[in-house]
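What follows is a single structure, written as structure tokens, with notes after it.
Numbers restart at 1 for each chain; the letters A, B, ... are given by sequence-line order, proteins then strands. These values consider heavy atoms only, across backbone and side chains, with no hydrogens, waters or symmetry-generated copies.
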Amino acid sequence: MSKKVRVRFAPSPTGGLHLGGVRTVLYNYLFAKQHKGDFVLRIEDTDQSRYIAGAEEYIIDCLKWCGLNPDEGPHVGGDYEPYRQSQRKDFYKEFAEQLVKDGHAYYAFDTPEEIEAMREKQKAEGKHTLHYDHSTRGSMHNSLPLSPKETKEIIDAGTPYVIRIKIHPGEIISFEDMIRGTVEFNTDNVDDKVLLKADGMPTYHLAVVVDDYLMKITHAFRGEEWLPSAPVHILLWKYLGWINDMPKWAHLPLILKPDGNGKLSKRDGDRLGFPVFAMNWTDPKTGELIKGFKELGFLPEAFINLLAVLGWNDGTEQEIYTLDELIEKFSIERVHHAGAKFDYEKAKWFNHEWIKKLPVASWQLTVKNNFINRGLLIEDDNKFNKVLELVKDRCTLLTDFYEQSVFFFVAPEKIDVDSIKPKWNDNKQMFFIELVRAFELIQQWQHDDLENTFKEIAAAHQLKPGELMLPLRIMLVGGKFGPGVFDIASVIGKEETVKRIKYTLGLFV
RNA sequence: GCCGCGUUGGUCAAGAGGUUAAGACGCCUCCCUUUCACGGAGGAAUCACGGGUUCGAGUCCCGUACGUGGUACCA
């Protein structure tokens, strides 16, 4: 009987939830759900200097919007509380002390200045590694050469200290990554990482191991930027005596900038005009607002979909997936090894596909609120839905609906008369005057009747409907866009149609 | 610098020794459409380089180049 699958997303609440972060959540979530396991949210807030108010709530809101809700977490509780590392301080200290006792870690009393001096010295000697490691720890200020009694005296005297892991050189640490296969590291290149900071808080390295163990995590998926510190974590699992319970690892490829090179950052979004965060994030310190996919008009279904296939595919030609399909088909082994450049054009294509795929009712409210925010109140839901249905083919973002359909509710402010003037003549003028008269008499204000009336009068004036259609369109919508003219006329109604034609006609005299 | 990871069209990518090297986005052309889209049909465009192994290599091995990540009392 294998253990129940348990995965975790462990963000540091420092503000904003990045695309890559959401993808990590998604892969965790898909894997957990596929295996009928648990998805836990753990807040890695061990760096007090980076505390950002509201960041934790923001992350939870983002997950909620995406529909990737954790089974356990600080907001919902669970069997392994607490889920904030700042509240689990005592656990870490206990295990760090244990490691010291077992000879796998030691106290270090060096000040930052002393460490900096050591690095400078190494640099001056032309050494390549600027590490606190087996080659340098002998000359540093730590408990290694001291007796337990001496050490205790220093600590009791109030000397600030950290606890460092003691890495033995010359060992090969290897492990199986679910995506990359066997990965090897030589401990010659790994330094004596700090496990417990001077303020008593653990570093990520200690905390992640302790919590993954205590929370019975079976599979740990994280960004590729963690790969180099994997040997430290593995050693910790070993030294703590838990190696048989170590989760299986998977290091996810990074999401890169679309142009140039490097990891995608929030700055790139500003620079290139696309969102990087899931939802709007306002930095409480600077007041700076970073735009989110949600507010820019993305559907969560599309956001999830595009993230899922950025670095993963099921080997078929399918590209559009519902969350349930993803849960069924996702496989961590098929995740690409290389980083992927983010392509905003394709992201928008996904959104467009989802707008067309989903029933209007599922996003109608979002668009409605969007209209309200722009000062357009919607009273007639029936008409509103009809309009959305009519224009959805030409909207890639939810925010596009406004421009594509305001004219259904308010007469256009500007009429593009320049597009009709050059070919305007008295005959056309006469045609429209008569059209207005005929429209006013129509009993059944319906698409087909309007079109027939239009064509009959055109024929009577020996005009081709084609040369009349564009002027009519411009009179109704203001420009050269929008759905079929008679669809528009039938929705806005007789009174409004007649009014708009008359208005434009008035511009010619 | 050192260590790790990676490298198929502009982008996302399929491909697990023998294929005309899929597909999608974007771009271009045409059709449909009496606007713009949607839809449909085409098109241009790719295995980083050099050595091996093999009858045969995008696929396996080794180098090189390039990219990327790490190298903190940040995660």
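Residues A:S12 and A:A347 each lie close to RNA chain B; by heavy-atom proximity, the contact nearer the 5' end of the strand is made by A:A347.
In a base pair of the Watson-Crick type (N1 to N3 plus N6-O4 or O6-N4) or a G-U wobble (N1-O2 and O6-N3), with each distance short of 3.5 Å, B:rG23 is matched with B:rC12. B:rU46 is unpaired under the criterion used here, namely a Watson-Crick or G-U wobble arrangement in which both key atom distances are under 3.5 Å. The pairing partner recorded for B:rC5 is B:rG67, the criterion being a Watson-Crick or G-U wobble arrangement whose two distances lie under 3.5 angstrom.
Atom pair A:N305:CG and B:rA24:C1' shows a separation of 12 Å (rounding to whole Å applied). Distance, A:I320 CD1 to B:rC12 C1': 13 Å, rounded to whole Å. Between A:D192 atom CG and B:rC73 atom P there is a gap of 11 Å when expressed in whole angstrom units. With rounding to whole Å, A:F350 atom CZ is found 11 Å from B:rA13 atom C1'. When rounded to the nearest whole Å, the span between NZ of A:K341 and P of B:rG6 equals 18 Å. Spacing between atom CG of A:D133 and atom C1' of B:rU71 amounts to 11 Å, rounded to whole angstrom units. The interatomic distance linking A:Y344 (OH) with B:rU11 (C1') rounds to 16 Å, in whole Å. Rounded to a whole Å, the CD atom of A:Q318 is 15 Å from the P atom of B:rA14.
A salt bridge does not link A:D268 with A:K266: none of the charged nitrogens is closer than 4.0 Å to a carboxylate oxygen. With respect to A:E389 and A:K386, no salt bridge is recorded, no charged nitrogen being found less than 4.0 Å from a carboxylate O.
As judged by a 4.0 angstrom heavy-atom cut-off over every strand, A:A340 is placed among residues touching the sugar-phosphate backbone only. Base engagement by A:V162 is indicated by at least one non-hydrogen atom pair under 4.0 Å involving a base atom.
Counting only residues at least two apart or in different chains, side-chain hydrogen bond (donor to acceptor under 3.5 Å, both in side chains) contacts with residues 222-235 of chain A comprise A:Y204-A:R222, A:R222-A:H233, A:R222-A:H251, A:S229-A:H233. Sorted by first and then second residue, the salt bridge (Lys or Arg N to Asp or Glu O under 4.0 Å) pairs involving residues 9-19 of chain A (not counting sequence neighbours) form an empty list.
Listed nucleotides: B:rG69, B:rC12, B:rG23. Nearest to the side chain of A:E317: B:rG23. Checking B:rA72, B:rG70, B:rC38 against the side-chain heavy atoms of A:R119 singles out B:rA72 as nearest. With B:rC73, B:rA75, B:rG23 as the choices, the nucleotide that has an atom nearest any side-chain atom of A:I115 turns out to be B:rC73. Comparing B:rG39, B:rA75, B:rC73 against the side chain of A:D47 picks out B:rA75 as the nearest. Nearest to the side chain of A:D393, among B:rG69, B:rC38, B:rA75, sits B:rC38.
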Spell out protein contact along nucleotides 26-35 of chain B as letters: B when the base is contacted, S when just the sugar-phosphate is, - when no protein heavy atom is under 4.0 Å; keep the 5' to 3' order.
-> --------BB
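With sequence neighbours left out, the side chain to side chain donor-acceptor pair (under 3.5 Å) criterion links A:R42 to A:E44, A:D212. Taking the side-chain contact (heavy atoms from CB on, under 4.5 Å) definition, one finds that A:V210 meets it with A:F91, A:Y92, A:F95, A:L206, A:L214, A:W242, sequence neighbours left out. Annotation: ring-ring contact (aromatic ring centres under 6.0 Å, His included) contacts of A:F330 (sequence neighbours excluded): A:Y27, A:W312. When the side chain to side chain donor-acceptor pair (under 3.5 Å) test is applied to A:N189, no partner is found at least two apart in sequence or on another chain. For A:F350, the ring-ring contact (aromatic ring centres under 6.0 Å, His included) criterion is met by no residue, not counting sequence neighbours. Residues satisfying the side chain to side chain donor-acceptor pair (under 3.5 Å) test with A:Y106, not counting sequence neighbours, are A:D192. By the side chain to side chain donor-acceptor pair (under 3.5 Å) test, A:R164 is found to be paired with no residue, residues two or more places apart in sequence or in another chain being considered.
Side chains of A:R8 and A:N28: a donor-acceptor N/O pair is absent below 3.5 angstrom, by distance only.
Within residues 89-98 of chain A, no residue has any heavy atom closer than 4.0 Å to RNA chain B.
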Table of protein N/O atoms under 3.5 Å from nucleotides 1-5 of chain B N/O atoms:
{"residue": "B:rG1", "atom": "O2'", "partner": "A:H128", "partner atom": "ND1", "Å": "2.5"}
{"residue": "B:rG1", "atom": "N2", "partner": "A:H128", "partner atom": "O", "Å": "2.9"}
{"residue": "B:rC5", "atom": "O2'", "partner": "A:R180", "partner atom": "NH1", "Å": "2.5"}
{"residue": "B:rC5", "atom": "O2'", "partner": "A:E224", "partner atom": "OE2", "Å": "3.0"}

